[in-house]
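Down below is the structure, laid out as structure tokens.
First listed ligand is number 1; within each ligand, the first listed atom is number 1.
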Amino acid sequence: MFKPDILNKFKNIPTPFYYYDVEVLKQTLDLLKKESDKYGYIVHYATKANSNNKILDIIRSYGLGADCVSGNEIKKAIECKFNPNHIVFAGVGKSDEEINIALDHSIFCFNCESLQEMEVINELAKAKGTTARIALRINPNVNANTHKYITTGLEENKFGINLWELDNVITTLKELKNLKLIGLHFHIGSQITDIGSFKTLCIRVNEIQSWFVSHKITIENINVGGGWGVDYHEPDKNRFLDFASYFKLYNDFLELRPGQKVHFELGRAVVAQCGTLISRVLYIKKGVNTNFAILDAGMTELMRPALYQAYHKIENLSKSDVGSPKSEVLKYDVVGPICESSDCFGKAVNLPETFRGDIIALRTAGAYGEVMSSAYNLRDRVKSFYSDDI
Ligand SMILES: *Cc1c(COP(=O)(O)O)cnc(C)c1O
């Protein structure tokens with residue numbers, strides 16, 4: 001993926017840092033736009049995946065909306081010139097302050113996750129003499145077959161309204177005069193690579209829609225959420241997702257009523273492959289059964305491996321002779337400097353013989369990477385660079 005001259009550029013930048021390939025992001029967005037436009041689908045970018053200004057600006061320039069999960073994300077989206085009418089707001093724990101921010105900006109829709117939340121939004125909207133547009137986030141009880149920490153669409157998860165609560169919700173909604181029900185919302189999890197899970201979702205959405213039709217409730221918008229996964233193992237071979245098949249699946253299986261609009265909320269699928277965490281090897285240390293390559297980046301810069309055993313492809317960029325007969329491949333546990341045993345990017349990773357000072361790339365780190373960085377151990381805030389700036 002990296003052009004040969006990139007190492008010379010990286011060599012002059014203090015590590016660790018995030019590197020974003022703007023071309024990869026734009027090509028991803030070109031594809032996404034082309035395929036979603038075929039069906040008139042509306043895509044909101046899940047800003048929590050990566051909320052760097054430059055990334056948000058580029059995404060907004062392609063006409064995507066913003067899917068926000070906090071008041072600050074709403075503020076950020078507005079700052080980055082997203083149209084408030086293209087902003088949706090999800091989350092199980094919206095504070096009064098955050099709800100007021102959303103009301104003040106008159107965002108497109110609150111995706112509501114509980115009855116009590118609806119009552120609070122109703123009260124706050126009433127106090128402002130306004131009406132809030134809402135969608136019901138329904139828990140469709142679909143298993144996304146992904147890591148348990150990033151599955152959200154099962155009844156045992158904290159997210160959404162369960163099907164057996166719907167009767168009660170609909171009865172109560174009639175009394176909440178400052179809410180306007182405009183849609184149904186679903187989001188079953190993240191890093192879903194089995195596209196069949198989305199087909200199951202479509203079928204479940206059709207059943208749930210029939211319930212609303214039989215209760216004579218018109219729904220203008222169906223929001224099917226996001227969660228589509230990327231290939232962390234082969235980032236070069238599968239740099240771009242098959243957006244054509246993804247959107248076609250919804251067109252094939254989702255039964256729409258006249259005039260209904262379909263919304264998506266993609267995060268990872270948009271930004272994961274454009275980002276790489278660049279680090280240097282600080283030390284090589286012999287272990288009992290392994291070698292340790294100790295990097296200057298750790299879980300404070302990229303938390304996914306420590307948080308949910310996530311895999312990131314690790315490459316030694318200083319070894320341009322990789323694959324040639326003279327390059328010996330050894331196994332390394334690639335770890336960070338943080339005082340936690342979970343601060344490990346990969347065990348028994350095959351790398352060419354690696355030395356202090358070598359530049360290491362942790363691939364596919366554009367989503368849920370920089371946004372989750374922390375100051376634990378009083379670390380400096382990680383910096384970021386863009387391919388068109390260096
Ligand atoms: C996180 C989130 C998304 C985006 O998930 P990805 O896996 O990044 O596509 C979409 N909708 C909601 C409600 C979310 O919380």
**Asked** Is any side-chain N of the basic residue among Glu35 and Lys38 closer than 4.0 Å to the acidic one's carboxylate O?
**Response** yes
**Pair Lys54 + Asp388, salt bridge at N-O below 4.0 Å** = yes
**Item:** Basic-acidic side-chain contact under 4.0 Å: Glu79, Lys76
**Value:** no
**Heavy-atom side-chain contact between Glu301 and Leu362 under 4.5 Å** = no
**Message:** I'd like to know whether the aromatic ring centres of Tyr41 and Tyr250 sit less than 6.0 Å apart in this structure.
**Reply:** no
**Message:** For a quick check: using heavy atoms under 4.0 Å, what are the residues in contact with ligand 1, sorted by chain and number?
**Reply:** Ala46, Lys48, Asp67, Ala90, Arg137, His185, His187, Ser190, Gly226, Gly227, Glu265, Leu266, Gly267, Arg268, Tyr368
**Asked** Looking at side-chain heavy atoms only, is the closest gap between Glu370 and Tyr20 below 4.5 Å?
**Response** yes
